[in-house]
Amino acid sequence: MFPTLFLFLSLAIVAIGTPLRPGFYSETCPEAEFIVRDVIKKAMARETRSAASVMRLQFHDCLVNGCDGSVLLDDTPNMLGEKLALSNIDSLRSFEVIDEVKEALENTCPGVVSCADIVIMVARDAVVLSGGPNWEVKLGRLDSLTASQEDSNDIMPSPRANATTLIDLFRRFNLSVKDLVALSGSHSIGKGRCFSIVFRLYNQSGTGRPDPAIEPKFRKKLDKLCPLGGDGNVTGKLRCNPGEIR
Ligand SMILES: *[C@@H]1O[C@H](CO)[C@@H](O)[C@H](O)[C@H]1NC(C)=O
Ligand SMILES: *[C@@H]1O[C@H](CO)[C@@H](O)[C@H](O)[C@H]1NC(C)=O
Ligand SMILES: *[C@@H]1O[C@H](CO)[C@@H](O)[C@H](O)[C@H]1NC(C)=O
Ligand SMILES: *[C@@H]1O[C@H](CO)[C@@H](O)[C@H](O)[C@H]1NC(C)=O
């Protein structure tokens, strides 16, 4: 009993002290990255939007107490998790894709690949399969056993946050303005709900007026899709003409 426990503890300590690195699973689960890509490819064939949805999981997991898979945990009687936090409720999605990846990995190499690493791999693959850039991911994260709705609510920025607030928040995480622009740009795929933009359409910064920076013709289309007092969950296809972008 004692030696087993000791070994377990030593391994845990080693794991905690081990820096993340590319190819972390090359010995223990060499096919891991192929399996992940295969599952997300199939998920995207079923529903294109899942690419954007799994990318979003990465940021929402990582910003709240690190990239530890905590965003995947359901509430328990003793713990309010992050799934129902303000930034995630009715909007964070494609958890089933992570489940499918985990199941495929468990079938090949049980108990090896962490869910925290799955979130990182699947986000990268979603970008690549959407025609974006490729990058090597560092792996070796451990999964959190707890999650905090309160921390998510405290940390995640409001969809109404202004640039100053967002730049300051990113700086706290040692992320640059360039990182913020990249993260904002990643929202150019996927779908957004009316809930996220109605304040810009009808009450920008509490002025009771629309955001003057939205091009009027484009705003008209948005007004039609997202009327004041309408269903905040609505998403829709809108294309702005080149002349409407400024
Ligand atoms: C940005 O938002 C913060 C927090 O709501 C506010 O204190 C600040 O004045 C705003 N800055 C600008 C430039 O609007
Ligand atoms: C913050 O970023 C700078 C520049 O990228 C880097 O040199 C530094 O090590 C980072 N600090 C932390 C605490 O991550
Ligand atoms: C607009 O926002 C301000 C500040 O948040 C709020 O006091 C006001 O009631 C809002 N107006 C409407 C019409 O929602
Ligand atoms: C979105 O729909 C859910 C139920 O599916 C509802 O609980 C929630 O209030 C709706 N959100 C908005 C912003 O309308």
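Just follow the structure's listing: the first ligand is 1, and inside any ligand the first atom is 1. Numbers here are sequence positions counted from 1.
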Original post:
Which of the atoms in ligand 1, numbered in the order shown and given with their element, are less than 4.0 Å from a heavy-atom of T164?
Top reply: 13 (C)
**OP:** List the steps and the verdict of side-chain hydrogen bond (donor to acceptor under 3.5 Å, both in side chains) for N162 and T165.
**Re:** CA-CA 5 Å; N162 60 33; T165 301; 2.9 Å; yes
**OP:** May I ask you to identify the nearest protein heavy atom to atom 11 (N) of ligand 1, giving residue, atom name and distance to one decimal place in Å?
**Re:** N162 ND2, 2.9 Å
Original post:
Closest non-hydrogen protein atom to atom 14 (O) of ligand 3, residue and atom name please, with distance?
Top reply: N203 ND2, 3.4 Å
Original post:
With a cut-off of 4.0 Å, which atoms of ligand 1 are near a heavy atom of T165?
Top reply: 1 (C), 2 (O), 3 (C), 4 (C)
**OP:** Please check atom 2 (O) of ligand 4 for a protein heavy-atom neighbour under 4.0 Å.
**Re:** yes
Subject >> S91-R56 side chain donor-acceptor pair, cut-off 3.5 Å >> reply: yes
**OP:** Report the nearest protein non-hydrogen atom to atom 5 (O) of ligand 3: residue, atom name, distance rounded to 0.1 Å.
**Re:** G206 CA, 4.4 Å
**OP:** Look up atom CG in D125 and atom CD in E33, then write down how far apart they are to the nearest 0.5 Å.
**Re:** 7.5 Å
**OP:** Output the distance between atom CD1 (I189) and atom CZ (R49), rounded to the nearest 0.5 Å.
**Re:** 11.5 Å
Original post:
Nearest non-hydrogen atom to atom 4 (C) of ligand 4 belongs to which of V234, D90, V198?
Top reply: D90
**OP:** Verify whether one side chain among S114 and R141 offers a donor that lies under 3.5 Å from an acceptor in the other.
**Re:** no
Subject >> Polar contact flag, side-chain donor to acceptor under 3.5 angstrom, N78-T76 >> reply: no
Original post:
Identify the closest protein heavy atom to atom 10 (C) of ligand 4: which residue and atom is it, and at what distance?
Top reply: N233 ND2, 2.6 Å
**OP:** Using a strict 4.0 Å threshold on nitrogen-to-oxygen distance, state whether R46 and E100 make a salt bridge.
**Re:** yes
**OP:** Run the numbers for me: atoms of ligand 4, each under 4.0 Å from some heavy atom of G232, listed by number.
**Re:** 13 (C), 14 (O)
